[in-house]
Amino acid sequence: MNVIWIAPPAAGKGTYSSLLKEKYGFSHISAGDVLREEIAKGSAIGKEIESIVSSGKMVDDTLLKQLIENKLRSIDLSKPFMLDGYPRRLNQAIDYEDILNRLGIEKPIVIFINIDKETGLNRILGRVNCPNCKRNYNLTSGYAKPKVDGICDDCKTPLEHRSDDNKESYENRYNTYFNETTELINKYKDEGSLIEIDGSKSPEENFGIITKILGVNND
Ligand code: AMP
């Protein structure tokens with residue numbers, strides 16, 4: 001099983017991905033993390049990516065397609081996996097179909113978590129993540145708070161607030177996100193494969209809905 005999240009920043013996809021990984025053994029591939037890994041290598045491509053990401057713009061489709069395919073080839077594809085932040089526009093959806101065909105993987109389950117800008121901004125200001133294992137937390141939600149303040153529950157690494165999690169960058173990313181994803185959302189809607197979830201609901205409620213959709217929750 002493979003899942004695509006379509007969700008603007010702070011809609012909750014990072015939290016649901018962490019929970020699916022922890023409770024149900026899903027692999028989690030975040031396009032943002034794949035890009036940050038490349039930046040951390042300090043390569044020429046990494047430096048180019050860094051300047052694009054820090055200005056809130058989108059990275060080139062062909063480059064990202066290659067990085068995502070490399071990442072998929074490096075994981076155990078017999079386990080369920082989810083993509084967070086990819087594909088994000090029509091061209092990338094076509095690229096992803098190409099990757100899936102080449103790897104012999106079935107069609108994705110597409111989950112669109114819709115959220116308004118104000119709710120998203122309030123959430124993002126409380127967001128922290130683990131620089132080591134990439135788990136996301138939110139200081140504004142009891143559900144997603146770390147057990148010990150400022151420390152990752154899983155690997156005990158000090159948590160960080162991402163430098164691009166500020167109001168100006170968020171609004172830029174949110175607007176860019178909806179400008180770029182409209183065609184993608186319409187494509188999956190037209191194909192009848194888009195499952196829409198109300199992102200303003202509590203993480204607890206939405207996680208219950210998502211696990212039912214994926215058939216991993218038998219409660
Ligand atoms: P995120 O971690 O999803 O907030 O992504 C951080 C940054 O990585 C974005 O602001 C973009 O610059 C870049 N990025 C993430 N996903 C994509 C994508 N699908 N296509 C192009 N650029 C992306």
Side-chain angles (χ1 to χ4, degrees), residues 2-18 21 28-41 43 45-72 81-100 108 110-115 117 119-138 144 159-185 187-188 199:
N2 75 95
V3 175
I4 291 174
W5 297 120
I6 301 183
K13 64 188 184 329
T15 302
Y16 304 132
S17 297
S18 295
K21 182 176 168 184
H28 174 209
I29 297 162
S30 150
D33 287 343
V34 168
L35 292 167
R36 282 184 284 277
E37 273 168 28
E38 201 59 37
I39 292 170
K41 287 183 193 161
S43 61
I45 289 175
K47 291 204 169 84
E48 194 187 314
I49 293 171
E50 187 170 26
S51 73
I52 297 168
V53 169
S54 60
S55 65
K57 298 207 178 91
M58 299 283 270
V59 173
D60 174 71
D61 288 344
T62 310
L63 172 60
L64 193 52
K65 180 184 183 187
Q66 192 57 55
L67 293 174
I68 294 287
E69 182 166 348
N70 291 348
K71 189 74 187 175
L72 286 180
F81 71 90
M82 58 208 150
L83 279 184
D84 169 351
Y86 187 87
R88 200 140 128 167
R89 51 189 175 201
L90 193 57
N91 275 349
Q92 292 181 358
I94 295 162
D95 285 345
Y96 187 52
E97 281 168 8
D98 193 34
I99 295 173
L100 291 181
V110 185
I111 302 182
F112 171 38
I113 314 175
N114 204 353
I115 193 165
K117 200 191 284 184
T119 310
L121 178 62
N122 286 336
R123 274 196 197 157
I124 209 156
L125 296 177
R127 191 162 90 163
V128 284
N129 90 327
C130 175
N132 180 41
C133 73
K134 316 296 179 206
R135 181 164 169 184
N136 293 302
Y137 296 88
N138 202 301
L159 299 173
E160 289 181 351
H161 190 75
R162 268 172 43 189
S163 60
D164 54 347
D165 275 354
N166 59 60
K167 185 171 190 283
E168 193 189 350
S169 168
Y170 178 76
E171 288 184 350
N172 190 7
R173 281 187 285 152
Y174 185 94
N175 292 338
T176 304
Y177 190 86
F178 271 106
N179 286 340
E180 304 236 13
T181 50
T182 304
E183 279 184 330
L184 178 70
I185 291 168
K187 167 190 161 65
Y188 290 124

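It should be emphasised that the depicted structure is a prediction, and the values quoted were computed from it without experimental measurement. For ligands, and for the atoms within them, numbers begin at 1 and follow the listed sequence. Just so it is clear, the values below take in all heavy atoms, side chains as well, and ignore hydrogens, waters and symmetry mates.
Near A31, meaning under 4.0 Å from any of its heavy atoms, are these atoms of ligand 1: 16 (N). In the vicinity of V53, heavy-atom distances shorter than 4.0 Å reach the ligand 1 atoms 7 (C), 8 (O), 12 (O). Interface of G32 with ligand 1, defined as ligand atoms under 4.0 Å from a residue heavy atom, comprises 2 (O), 5 (O). Each of the atoms 16 (N), 17 (C), 18 (C), 19 (N) of ligand 1 lies under 4.0 Å from some heavy atom of G85.
With a 4.0 Å heavy-atom cut-off, ligand 1 is reached by no atom of D84. Neither the backbone nor the side chain of E180 has any atom closer than 4.0 Å to an atom of ligand 1 (non-hydrogen atoms only).
Nearest non-hydrogen protein atom to atom 20 (N) of ligand 1 is Q92 NE2, 2.9 Å. L64 CD2, 3.3 Å is the protein heavy atom nearest to atom 18 (C) of ligand 1. For atom 11 (C) of ligand 1, the nearest protein heavy atom (residue, atom name, distance) is K57 O, 3.3 Å. What sits closest to atom 22 (N) of ligand 1 on the protein, heavy atoms only, is V59 N, 2.9 Å.
Using cut-offs of 30° and 60° on the angle between ring planes, the pair W5 and Y16 is tilted.
Distances from atom 9 (C) of ligand 1 to the heavy atoms of R88, M58, R36 show the closest one on R88. The residue from D33, T176, L35 that puts a heavy atom closest to atom 13 (C) of ligand 1 is L35.
Side chains of D61 and R89 form a contact here, defined as non-hydrogen atoms less than 4.5 Å apart. Side-chain atoms of L35 and Y86, non-hydrogen and from C-beta on, never get closer than 4.5 Å to each other. Within the 4.5 Å cutoff, side-chain heavy atoms of E171 are placed close to those of L121. The shortest side-chain heavy-atom distance between K65 and D98 falls under the 4.5 Å cut-off.
With salt bridges taken as basic N to acidic carboxylate O contacts below 4.0 Å, none links K41 and E37. Using a 4.0 Å cut-off between a side-chain N of Lys or Arg and a carboxylate O of Asp or Glu, K134 and D33 do not qualify as a salt bridge.
Checked by distance only, ligand 1 and R162 come closer than 3.5 Å through their nitrogen or oxygen atoms. Considering backbone and side-chain atoms alike, K13 places every N or O at 3.5 Å or more from each N or O of ligand 1. Taking distance alone, with nitrogen or oxygen atoms compared against 3.5 Å, R173 approaches ligand 1 more closely than that limit.
Panel note: side chain N138, backbone R123; a donor-acceptor pair is recorded below 3.5 Å.
For K117, the NZ atom sits in a packed shell: over 12 heavy atoms of surrounding residues, nucleotides or ligands are nearer than 6.0 Å.
In the model, N70 has a side-chain atom that pairs as donor or acceptor with a side-chain atom of Q66 under 3.5 Å.
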